[in-house]
Protein chains: 2
Amino acid sequence: MKLGANEEYGLRCLVRLGYAGEGGSLTIPEISHAEGVSPAYAAKILRILRKGGFVKAARGKEGGYMLARAPESIVIGEVMDVLGGRLFESSFCETHAGQAAICTRSVDCSVRSLWRAVQVAVDHVLSKATLRDLLQNEEEMNAWVRTIPGPSGLRLMQ
Amino acid sequence: MKLGANEEYGLRCLVRLGYAGEGGSLTIPEISHAEGVSPAYAAKILRILRKGGFVKAARGKEGGYMLARAPESIVIGEVMDVLGGRLFESSFCETHAGQAAICTRSVDCSVRSLWRAVQVAVDHVLSKATLRDLLQNEEEMNAWVRTIPGPSGLRLMQ
DNA sequence: GTTAATCTTGACTAAGAAGTACAGATTGGC
DNA sequence: GCCAATCTGTACTTCTTAGTCAAGATTAAC
């Protein structure tokens with residue numbers, strides 16, 4: 001059970017764009033540098049996000065990417081689906097579903113019901129979280145960091 | 001976020017062995033046929049399970065595989081770890097952890113905290129479930145199937 | 001209209017996971 | 001001892017995902 005690179009970096013790019021604020025736009029070089037991926041790869045990921053309707057692009061000079069929708073309307077689960085597909089697509093019973101037969105291959109069914117339980121647990125997190133939540137989280141984080149006295153003991157990255 | 005083939009078939013093979021009962025053993029051809037994978041692939045998976053300490057093998061004639069431990073002591077989460085690794089190994093903050101710096105790259109941290117939440121949700125399911133639970137589930141399933149009147153309308157597979 | 005900055009697209013290469021093949025080692029039964 | 005059934009290990013092929021590249025299309029600014 002692994003998280004794909006598209007999901008990891010795709011979500012980061014999206015949050016980065018959200019961080020740019022209402023109507024704020026960022027270019028591919030900016031995003032790729034901020035997230036530590038190559039411009040070519042960032043471009044590929046952003047294309048996926050654009051086709052998914054989460055971001056929109058402006059071409060030409062002064063162009064760039066920006067969010068296509070309000071952060072609170074962007075559900076992370078939907079973003080993940082676009083970036084990496086659903087967790088469990090494997091399918092034994094499903095392949096026989098059209099035959100209107102009941103599957104007595106108990107191994108299949110008991111394992112499958114476990115996958116379902118995991119899927120539900122994951123969805124419970126991802127379908128409730130919106131991009132707004134992630135941005136919020138970040139603001140709280142930043143506020144907290146500002147309360148820390150420095151600069152002696154504490155070194156801030158970047 | 002995808003389930004690996006090893007995890008899918010590995011767990012099936014394990015449940016199949018559990019189904020064989022206390023001290024019951026199955027050969028690779030038997031397991032591979034029952035689960036619909038090639039003998040070569042089943043062998044590969046079973047080797048992983050053996051190295052993980054979940055099953056043990058007897059070689060030579062009359063040989064085969066059997067559970068190495070009692071079903072109630074086999075936690076599914078541990079099996080999954082051996083078969084496919086942990087969900088989130090990606091690591092931005094982690095790479096800087098040794099530097100004792102606090103990460104203000106908020107995109108990284110907010111995304112990371114989401115992954116953590118998903119991981120916790122998944123673990124909540126997988127660390128509670130044991131092989132015994134899956135076998136139990138199967139028995140209930142079979143009992144239910146037996147209550148269905150047949151053979152006219154209902155076709156049972158396999 | 002020219003230019004430079006930008007996204008767009010499809011093809012390409014690299015890396016990893018999935019799945020196969022085969023020669024070798026072990027063991028029970030005769 | 002011999003044979004057949006079985007697991008063991010390594011190397012191999014195939015397929016998917018990750019990541020790169022280069023040529024093209026679009027646009028704002030001058």
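Letters A, B, ... mirror the listed sequences (proteins, then strands); counts begin at 1. Hydrogens, waters and symmetry mates play no part in the numbers below; they use all other heavy atoms, side chains included.
Salt-bridge check for R86(B) with D123(B): passed, with a basic side-chain N closer than 4.0 Å to an acidic carboxylate O.
Shown here is Y9(A), whose OH atom has no more than 12 heavy atoms of other residues, nucleotides or ligands within 6.0 Å.
Between the C1' atom of dT16(D) and the CD atom of E7(A) lies a distance of 14 Å, rounded to the nearest Å. In this entry the distance linking CE of M66(A) with P of dC7(C) reads 11 Å, nearest Å. Rounded to whole Å, the distance from NZ on K2(B) to P on dG16(C) is 18 Å.
Under the 4.5 Å side-chain criterion, counting only non-hydrogen atoms from C-beta, Y41(B) is in contact with N6(B). Contact of the M80(A) side chain with the L3(A) side chain is registered, since non-hydrogen atoms from C-beta on lie closer than 4.5 Å.
The heavy-atom pair separating G84(A) from K2(B) by the smallest distance is O-NZ, 3.3 Å. A pairwise comparison of heavy atoms in G18(A) and L67(A) identifies CA-CD1, 3.7 Å as the closest pair. For the residue pair I28(A) and A42(A), the shortest heavy atom distance occurs at CG2-CB, 4.3 Å.
Applying the side chain to side chain donor-acceptor pair (under 3.5 Å) definition to pairs two or more places apart or across chains, none involves residues 58-70 of chain A. Judged as a side chain to side chain donor-acceptor pair (under 3.5 Å), the pairs with a partner in residues 70-80 of chain B (not counting sequence neighbours) are, in order, E72(B)-R132(B).
At a non-hydrogen distance threshold of 4.0 Å, R47(A), R50(A) from residues 37-52 of chain A come into contact with DNA chain C. DNA chain C is contacted by no residue of residues 20-29 of chain B, taking any non-hydrogen atom closer than 4.0 Å.
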Per-nucleotide protein contact string for nucleotides 23-30 of chain C, where B marks a base within reach and S marks sugar-phosphate only (heavy atoms under 4.0 Å, - for neither):
--SBBS--

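Residues forming a side-chain hydrogen bond (donor to acceptor under 3.5 Å, both in side chains) with S32(B) (at least two apart in sequence, or on another chain): none.
For dT8(D), the OP1/OP2 oxygens have a side-chain nitrogen or oxygen of Y65(B) closer than 4.0 Å.
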